[in-house]
K.L.:
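I have a structure I would like to understand better, so I am pasting it below and will then ask my questions one at a time.
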Amino acid sequence: MQKIELHTALTDVVVALTGRDRDEVTAKLGSDYEDPMLWKRPSRKQTPTSDQGITHTRTYHRTHTRKSRFTERLYREAASVPIETRLPTVSDDPIISCYHDMIVAVRLIAAGHYEKALVIAKRCVRRAMELNEPLAVLQALHLAEGLQGAEVSVSIRRQLQRHIRRWSDRYFQQRSIAAFLEDILVDRRHREDASLLQHIDAVWNDLQLQQAPIPRSAERLLFTVVKIRRSQVVGHNQMIITTVTSALQRHAAGIPDGYRWLTGWLVSARMRAQVALDVHPRAWPEDDAGSTHHLLRPHLKCEVCRWQIIGHMRSGQWDAAAEKLIELRQMNLEASDEYEQQRMLLLEGFFWIFRHLGLHAHTVVERMPRITTFLNSVSVIGQDRSGLNIQIAVYEILYHLIKGHGDVVERKVFNLTVRASRNLRFPAAGPHRAFITMLRVVSHYDLSDPTIRARTKRYLKRMEHDAGEIPEHLLFPIPLRELAESIIRYIDENGLQTSV
């Protein structure tokens with residue numbers, strides 16, 4: 001998905017509203033679009049400066065570019081299209097249609113038809129209340145209040161004020177809920193520890209104590225989302241799948257506009273739980289991503305694609321994983337956030353590692369940056385000491401292994417062992433502790449020794465259940481046993497130079 005310039009999007013709007021050819025619109029409004037920039041002289045208060053006998057001339061400040069003038073013309077052209085021309089382009093979405101009627105009312109006010117504008121404003125108020133959209137209700141109420149004449153009775157004005165206060169309370173409560181959801185579902189996506197659980201409980205209790213009205217159509221959905229987010233932190237994946245499936249069926253219609261993006265989040269949450277449970281090859285219905293495509297935010301689109309890649313990699317479908325990785329690269333990651341970009345970089349790194357370990361032959365990722373550059377580029381996702389930070393450390397070890405830095409591998413494995421003894425002490429991390437211990441053995445001892453080989457087999461057996469009821473940040477792109485076997489095979493074929 002390529003980044004679209006503002007003037008390009010406005011041109012599309014003008015073409016859709018007027019029915020004119022795109023080249024005709026560009027030729028009419030952007031005849032000087034490619035000309036040089038406009039500049040102006042500085043104010044008279046500025047004086048030339050000198051430095052070591054060299055006199056500098058006055059500087060010129062850039063004002064408007066030809067592109068900005070073209071954009072302003074597009075704005076005016078889109079706003080000047082007659083109402084009768086715009087009516088056929090009204091969206092089927094009822095809230096968009098409501099806002100369109102408000103635009104019509106404003107046009108009528110500009111033309112002096114105040115009574116007709118008031119009729120439309122009242123209709124907008126009723127429709128917005130039926131849709132239970134506080135912001136639209138408030139805007140329509142303020143529009144209707146401004147159109148009331150001086151002869152309106154005091155009771156009607158007081159009734160309008162009561163409606164405004166009541167819907168203002170609903171709107172600010174909705175904003176508080178939205179800020180809370182943004183915090184736990186977006187801003188803190190890289191946190192999967194006990195501190196997040198405490199934060200969720202504390203903030204949610206505060207919101208309940210406010211006792212402000214929550215839209216009934218969204219109240220149950222909000223409780224469901226918070227329940228699922230808590231389950232993600234502790235790794236109750238089967239419960240997540242069951243809860244999300246019933247929630248999507250229950251809230252298939254009637255979700256308020258401010259919460260519609262949660263449908264896409266629910267699809268992504270179920271997908272990550274299914275991948276964690278190794279539900280393959282169809283870990284997600286194809287219609288899920290398509291039916292909520294218009295609801296997904298940019299970071300959710302990237303997240304859905306990333307989980308599809310991990311699902312294909314864990315099931316050994318490398319061709320499908322390579323195709324999805326290309327699709328993920330083509331997405332507009334600039335519109336996403338830093339967290340998702342760093343997750344993509346880590347996934348690309350493992351894809352490159354797996355090719356050198358002989359698991360596939362795809363060259364989608366031809367090379368990776370130097371390890372110091374890589375570590376600086378994934379600083380956000382490395383904050384969770386019990387989750388993605390472990391995966392980053394494993395990638396660093398495998399990078400040095402492939403580069404032939406045997407002494408560095410041994411040192412990094414020792415550091416990872418110490419870190420795991422502190423941060424991976426919960427039961428779900430048992431396979432990961434076995435994997436790290438196995439790395440310690442193969443990097444420090446000679447694998448040709450039958451005793452050492454027998455020890456590695458015991459560790460491999462402990463890695464068989466690395467999926468299931470675990471937090472998603474502990475889920476490696478491929479099963480731990482398969483990764484460990486490929487590491488042993490690589491060392492058998494290429495050797496490992498160490499200080500021992």
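All residue numbers in this chain count up from 1 along the given sequence.
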K.L.:
Are the side chains of Val365 and Arg329 in contact, using a 4.5 Å heavy-atom criterion?
P.N.:
yes

K.L.:
Could you measure the distance from the NZ atom of Lys301 to the OG atom of Ser268? Nearest 0.5 Å is fine.
P.N.:
13.5 Å

K.L.:
Report the C-alpha separation of Asp492 and Arg453 in whole Å, then their side-chain angles, then the decisive distance to 0.1 Å, and conclude whether the salt bridge (Lys or Arg N to Asp or Glu O under 4.0 Å) test is met.
P.N.:
CA-CA 11 Å; Asp492 288 337; Arg453 182 70 68 169; 3.1 Å; yes

K.L.:
State plainly whether the residues Glu303 and Arg343 are in salt-bridge range, i.e. N to O under 4.0 Å.
P.N.:
no

K.L.:
Ring centroid separation for Tyr399 and Phe374, is it under 6.0 angstrom?
P.N.:
no

K.L.:
Can you check whether Leu185's main-chain N or O pairs, donor with acceptor, with Arg229's side chain at less than 3.5 Å?
P.N.:
no

K.L.:
Hey, could you give me the CG/CZ distance between Leu460 and Arg481, rounded to the nearest 0.5 Å?
P.N.:
5.5 Å

K.L.:
Rounded to the nearest 0.5 Å, how far does CZ of Phe350 lie from CD1 of Ile478?
P.N.:
9.0 Å

K.L.:
Should Thr224 and Thr243 be marked as a side-chain contact (heavy atoms from CB on, under 4.5 Å) after you check the CA-CA gap, both sets of side-chain angles, and the distance that decides it?
P.N.:
CA-CA 8 Å; Thr224 301; Thr243 306; 3.6 Å; yes

K.L.:
Would you say Met368 and Tyr395 make side-chain contact, with heavy atoms under 4.5 Å?
P.N.:
yes

K.L.:
If I take atom CD1 from residue Ile392 and atom OG from residue Ser377, how far apart are they, to the nearest 0.5 angstrom?
P.N.:
10.5 Å

K.L.:
Does any part of the side chain of Met438, heavy atoms only, come nearer than 4.5 Å to the side chain of Arg462, both counted from C-beta?
P.N.:
no

K.L.:
Please walk me through it: do Lys403 and Ile371 pass side-chain contact (heavy atoms from CB on, under 4.5 Å)?
P.N.:
CA-CA 11 Å; Lys403 293 296 183 180; Ile371 191 62; over 6 Å; no

K.L.:
Under a 4.0 Å threshold between the charged nitrogen and the carboxylate oxygen, would Glu485 count as salt-bridged to Arg489?
P.N.:
no

K.L.:
Should the pair Glu327-Lys324 be classified as a salt bridge under the 4.0 Å nitrogen-to-oxygen rule?
P.N.:
yes

K.L.:
For the backbone of Glu366 and the side chain of Arg355, can you confirm whether one donor and one acceptor N or O come within less than 3.5 Å of each other?
P.N.:
yes

K.L.:
With the side chain counted from C-beta on, respond yes when Ile228 and Trp265 share a heavy-atom pair under 4.5 Å apart, and no when they do not.
P.N.:
yes

K.L.:
Keeping the roles fixed (side chain from Gln391, backbone from Leu475), state whether a donor-acceptor pair exists under 3.5 Å.
P.N.:
yes

K.L.:
Can you name the nearest heavy-atom pair linking Ala247 to Leu266, along with the distance?
P.N.:
CB-CD1, 4.3 Å

K.L.:
Roughly how far, to the nearest 0.5 Å, is CG of Leu416 from OG1 of Thr437?
P.N.:
9.5 Å

K.L.:
Please find the pair of heavy atoms, one from Ile491 and one from Leu447, that lie closest to each other, and give the distance.
P.N.:
CG2-CD1, 3.9 Å

K.L.:
Does Thr417 form a side-chain contact (heavy atoms from CB on, under 4.5 Å) with Ser421? I'd like the steps, not just the answer.
P.N.:
CA-CA 6 Å; Thr417 304; Ser421 65; 5.9 Å; no

K.L.:
Determine whether Ile240 and Asn237 make a side-chain contact, defined as any pair of heavy atoms from C-beta on separated by less than 4.5 Å.
P.N.:
yes

K.L.:
The test is side-chain contact (heavy atoms from CB on, under 4.5 Å); show your working for Glu323 and His312 and say whether it passes.
P.N.:
CA-CA 10 Å; Glu323 292 178 2; His312 290 315; over 6 Å; no

K.L.:
Short question: side chain of Arg425, backbone of Arg422 - any donor-acceptor pair under 3.5 Å?
P.N.:
yes

K.L.:
Indicate the atoms forming the closest heavy-atom contact of Glu410 with Arg440, along with that distance.
P.N.:
O-NH1, 4.2 Å

K.L.:
For the pair Arg314 (side chain) and Phe476 (backbone), establish whether a donor and an acceptor sit closer than 3.5 Å, ignoring hydrogens and angles.
P.N.:
yes

K.L.:
Is there a donor-acceptor contact under 3.5 Å from the side chain of Ser486 to the main chain of Leu483?
P.N.:
yes

K.L.:
Before you tell me yes or no, could you show the steps for His360 and Asp319 under side chain to side chain donor-acceptor pair (under 3.5 Å), namely the whole-Å CA-CA distance, both residues' side-chain angles and the distance that decides it to 0.1 Å?
P.N.:
CA-CA 9 Å; His360 67 87; Asp319 293 340; over 6 Å; no

K.L.:
Does Thr242 use its side chain to pair, donor to acceptor, with the backbone of Met239 at less than 3.5 Å?
P.N.:
no

K.L.:
With side chains defined as the heavy atoms from C-beta onward, is the minimum distance between Arg411 and Phe414 less than 4.5 Å?
P.N.:
no

K.L.:
For the residue pair Ser379 and Gln342, what are the closest heavy atoms and their distance?
P.N.:
N-OE1, 3.3 Å

K.L.:
Roughly how far apart are Ile487 CD1 and Leu439 CG, rounded to 0.5 Å?
P.N.:
5.0 Å

K.L.:
Short question: side chain of His432, backbone of Leu474 - any donor-acceptor pair under 3.5 Å?
P.N.:
yes

K.L.:
So do the side chains of Ile310 and Arg272 get within less than 4.5 Å of each other, counting heavy atoms only?
P.N.:
no

K.L.:
Any idea how Phe354 and Trp318 line up, ring-wise: parallel (<30°), tilted (30 to 60°), or perpendicular (>60°)?
P.N.:
perpendicular

K.L.:
Between Cys302 and Leu328, which heavy-atom pair has the shortest distance, and what is it?
P.N.:
O-CD1, 3.7 Å

K.L.:
Considering non-hydrogen atoms only, spot the tightest contact between Cys124 and Asp101 and give its length.
P.N.:
SG-CB, 3.4 Å

K.L.:
Do Val125 and His163 have side chains that get closer than 4.5 Å, going by heavy atoms?
P.N.:
no

